[in-house]
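What follows is a set of notes on a single structure, which appears directly below.
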Amino acid sequence: MPKRKRRRTKAQRRRLIQQRVTIAAAAVAMVFVFLEAPWLLLGLLLATAVGAAVWAVRRVDRRARDGDRAWREQDRRMAMERSMAAIDAMSWQDFEHYIAELCRRDGCTNVRVVGGSGDLAADVLGNMPDGQRLVVQVKHYAPHRTVRSGDMQKFVGMAFAEHHADVAVFVATCEYSTAARTLAAKHNIVALNRDLFGSWNNGARLDSLLPLGGAGSGPSRTGRTVRGIRPPGPKPTNRRTREAR
């Protein structure tokens, strides 16, 4: 059975009639104005055309900018991949010397490679540009491997107690295990995983990466001192303390 059409109330019919009359009056007024002043119609059409042209140009420009940005990002990623492929092809000895060169590039002084037998968990030693003592542990692992907790434990135990590090950096060409990242964050080790090392390798300065190092890929989860170990950063020391070291 077809549904019965609902009848409008008097008020609804009155409003509908008023709307139709208003639309009709507006249309008649516009026709009259355009007949009396055709230049107004031409001006309106011209303004509409100019507005449409400007919108089209901006849209094309925005698409071009977005395409250029996407192309540059893709090119940057491809360059990083090519660069990391060259890094992966290095021997572990060459990689240690390459890390030393990156430290020198960023203004570190007294940089020397000490890796090898009896290195006491330090591969590169030096000083940051502000004079803080820098100790670096390097792991040239295949990308699919993982830095385990034992490697991080050894570095934590020796970097500060044996080498008197102000800034302790662990550089790896792979990822860290969850336990290793947790240990790095707890003891304020600047742990640079493959992605962060790729940024360093592509021009980011070492001092700009220090705040990111606690978990290997994000800010340290704690800024408090742990067992006398302070977070990386400026440290108020006097000359006697420095000379005593």
Side-chain angles (χ1 to χ4, degrees), residues 92 95-116 118-140 147 149-173 176 179-245:
W92 63 268
F95 186 60
E96 290 180 355
H97 285 276
Y98 184 69
I99 293 299
E101 286 302 318
L102 289 180
C103 292
R104 296 188 185 100
R105 181 202 71 185
D106 292 343
C108 297
T109 58
N110 303 321
V111 179
R112 60 193 187 279
V113 177
V114 296
D119 60 15
L120 300 178
D123 295 314
V124 178
L125 300 177
N127 296 96
M128 296 293 291
D130 60 0
Q132 295 184 92
R133 184 167 178 78
L134 172 67
V135 179
V136 184
Q137 171 68 284
V138 176
K139 290 298 181 185
H140 186 260
V147 175
S149 175
D151 294 326
M152 189 64 69
Q153 289 177 26
K154 184 178 179 182
F155 185 54
V156 169
M158 303 302 290
F160 299 100
E162 179 65 29
H163 298 290
H164 309 292
D166 294 319
V167 177
V169 181
F170 199 120
V171 181
T173 54
Y176 295 89
R181 288 198 305 269
T182 301
L183 200 60
K186 181 178 180 181
H187 294 282
N188 302 302
I189 301 297
V190 181
L192 302 184
N193 63 0
R194 186 177 181 85
D195 289 339
L196 287 178
F197 169 70
S199 298
W200 187 22
N201 183 51
N202 283 336
R205 290 180 58 85
L206 177 59
D207 52 9
S208 71
L209 297 174
L210 297 185
L212 305 177
S217 57
S220 175
R221 294 177 301 176
T222 175
R224 61 186 178 85
T225 301
V226 180
R227 295 182 182 178
I229 301 173
R230 62 177 190 80
K235 169 184 166 184
T237 57
N238 55 38
R239 184 174 298 177
R240 293 182 181 178
T241 303
R242 178 69 62 187
E243 291 176 351
R245 290 184 176 181

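Computed over heavy atoms, backbone and side chain alike; hydrogens, waters and symmetry mates excluded.
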Atom pair [atom1] ([X]) and [atom2] ([Y]), whose distance is rounded to the nearest 0.5 Å:
X: Asp123; Y: Ile99; atom1: CG; atom2: CD1; value: 9.5 Å
X: Leu210; Y: Arg205; atom1: CG; atom2: CZ; value: 10.5 Å
X: Glu96; Y: Arg112; atom1: CD; atom2: CZ; value: 14.0 Å
X: Asp166; Y: Leu134; atom1: CG; atom2: CG; value: 9.5 Å
X: Leu192; Y: Asn201; atom1: CG; atom2: CG; value: 11.5 Å
X: Asn110; Y: Cys103; atom1: CG; atom2: SG; value: 12.0 Å

Please report the shortest heavy-atom distance between [X] and [Y], naming the atom on each side.
X: Pro129; Y: Asp106; result: CG-O, 3.5 Å
X: Val113; Y: His97; result: CG2-ND1, 3.7 Å
X: Ala122; Y: Val114; result: O-CG2, 3.4 Å

Using a 4.5 Å cut-off on heavy atoms from C-beta on, say whether the side chain of [Y] contacts that of [X].
X: Leu206; Y: Met128; result: yes
X: Tyr176; Y: Lys139; result: no
X: Val171; Y: Val136; result: yes
X: Val190; Y: Leu209; result: no

Open item on the list: Given 3.5 Å as the limit, does a donor-acceptor pair link the side chain of His163 with the main chain of Ala168, or not?
Closed with: no
- [ ] Could you tell me whether the side chain of Arg133 and the main chain of Asn127 form a donor-acceptor pair under 3.5 Å?
- [x] no
Without placing hydrogens or testing angles, list every side-chain donor-acceptor pair under 3.5 Å for residues 149-160, not counting sequence neighbours.
unit_1: Ser149; atom_1: OG; unit_2: Gln153; atom_2: NE2; d: 2.9
unit_1: Asp151; atom_1: OD2; unit_2: Tyr141; atom_2: OH; d: 3.4

Open item on the list: Would you call the rings of Phe197 and Phe95 parallel, tilted or perpendicular, taking 30° and 60° as the class edges?
Closed with: perpendicular
